[in-house]
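Heads up: the structure comes next, in structure tokens.
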Amino acid sequence: MRGKKASVCGGRSRKQEREIAPLIGSWFRSGARALPWRVLPKVGATRRDPYHALVAEAMLQQTQVSRVIEKYAAFVARFPTVLDLARADEQDVLAMWTGLGYYRRAQHLHAAARTIVDDFGGCVPSDVESLRSLKGVGRYTAGAIASLAFDEPAPIVDGNVARVLLRVHGKDAASDDADIQEWLWSTAQALAAATDHPGDVNEGLMELGATICVPAPSRPACERCPIAVACAARASRSQMEIPRPKTRGARAEVTCVALRVTRSDGAVLLVRRPARGMWANMWQVPTAEHAGLEVDLDASVQQLAQSLGVHIKRSRVAESFEFLATHRRMMFHVFRATDRGSARSVVSGPRHTDCSEPQSVARFVLLEQAAELPMSSPQRRIVLGSEAR
DNA sequence: AAATCGGGGCC
DNA sequence: GGCCCAGATTT
């Protein structure tokens, strides 16, 4: 049953894909945004540098273009070639990722660079299968690099493409549905096969989704859309209902008790998080995490101080703020203390705290050096102040 | 199939 | 206050 349905839809969509592919391609060439990763490597080049495409695609996963713009140029300047990235220290790669979130992407990109150097002679592969063998490169990213950097007729489906295609075909569905996903990929495949310029069509699809066919509750600018004539959602005025919103679970509530210990020279006591889980391998002030919001802050900070060898006479919350992530709501309560030598035992040698503690080794770090360490956004705020980025 | 993994912008 | 974003990997 599903096979028959798929073949019927596939036949119909291929015809429509032949109609809209050239419209999207020429629309994209006629005036797309000038984004840093769209700059061609040299005069006369027609395709982008594959390494730059790899970096950009890794950064752009689940991340808005405006946020990547702030980080992309500095990352490429720090690691100009795939060899530079392969040879870099992971802490430096992570540090350049600070603020972007999903930090595992940075570790995967780093590993991918090493694979490219070790197994592919330092050249980013052009075929989807080889690309997918790289860490952090899935179906979308492989298709994006193959098509955008090498003009291979490979399909891509991201949030933008899914929204555009579902609207054009008037499909009132949630884009994370498994059957819909397969339909999207086969439609995107037909689109890439229906043109001599798959790179422009694919990037045009995303550009369309990002600038014209925007998600609700924003209103799509159908009057400026190059494929409005072929759009079923526009015909039935159902743009705002497509795609159906995804269902998300409630955020887990977490209380974080952070202790910022300052030495007389201004250095701050930092610990590194474990290699697994959230903010893996990143630095922070000693912080205790508790499930829920009803936590005895005083008891928590006293225990934290004791585990560090820091004596606190009287504890008082210096600052509290909320940090929201997709699936967590974290309340940070920051305590401050001044070290008068009692924590020196912490400095003299690595000291491992209990396994249940969210951190391992503690050491004092001058603020100037701390600014170079990989830190999560809330911890960067605690260590460097809310102005620091 | 569901959970995990950030963070900010927008309405 | 909810939803989204140039997704991939693990369980």
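Computation of the quantities below employed the complete heavy-atom set of this structure, encompassing side-chain atoms and omitting hydrogens, waters and symmetry-equivalent molecules. Numbers restart at 1 for each chain; the letters A, B, ... are given by sequence-line order, proteins then strands.
- Gln239(A) contributes atom CD, which lies 9.0 Å from atom CZ of Arg219(A) (distance to the nearest 0.5 angstrom).
- Remark: P of dG7(B) and CG of Leu324(A) are 11 Å apart, rounded to the nearest angstrom.
- Of the side-chain N and O atoms in Gln62(A), one or more sit less than 4.0 angstrom from OP1 or OP2 of dG7(C).
- Contact annotation: Arg105(A) does not reach the phosphate of dA8(C) (side-chain N/O to OP1 or OP2, under 4.0 Å).
- Dashed line: the shortest gap from a side-chain N or O of Arg104(A) to OP1 or OP2 of dG6(B) is not under 4.0 Å.
- Among dA6(C), dC5(C), dT10(C), the nucleotide with an atom closest to any side-chain atom of Asp158(A) is dA6(C).
- Not less than 6.0 angstrom separates the ring centroid of Tyr102(A) from the ring centroid of Trp97(A).
- Here dA6(C) presents its C1' atom at 11 Å from CH2 of Trp185(A), a figure rounded to the nearest Å.
- The shortest distance between the side-chain N/O atoms of Tyr103(A) and the OP1/OP2 oxygens of dG7(B) is below 4.0 Å.
- Here Arg163(A) reaches the OP1 or OP2 of dC5(C): one of its side-chain N or O atoms lies under 4.0 Å away.
- Between Thr63(A) and dG7(B) there is no side-chain N or O to OP1 or OP2 distance below 4.0 Å.
- Between Arg276(A) and dT11(C) there is a side-chain polar atom (N or O) within less than 4.0 angstrom of OP1 or OP2.
- A cation-pi arrangement is absent between Arg316(A) and Phe335(A) under the rule of less than 6.0 angstrom and at most 45 degrees off the ring axis.
- Look at CD on Gln61(A): it is 20 Å from P on dT4(B), rounded to the nearest Å.
- Between the side chain of Ser377(A) and the base of dG7(B) there is no donor-acceptor pair of N/O atoms closer than 3.5 Å.
- Each of Leu134(A) and Arg38(A) was matched to the nucleotide of DNA chain C holding its nearest heavy atom; the match closer to the 5' end belongs to Arg38(A).
- For dG7(B), the OP1/OP2 oxygens have a side-chain nitrogen or oxygen of Trp279(A) closer than 4.0 Å.
- Ion pairing of Glu90(A) with Arg114(A) is absent here, as no side-chain N (NZ or NE/NH1/NH2) approaches a carboxylate O to less than 4.0 Å.
- Residue Arg328(A) places at least one side-chain N or O under 4.0 Å from the OP1 or OP2 atom of dC5(B).
- Nearest nucleotide to the Pro245(A) side chain, out of dA6(C), dG6(B), dC4(C): dC4(C).
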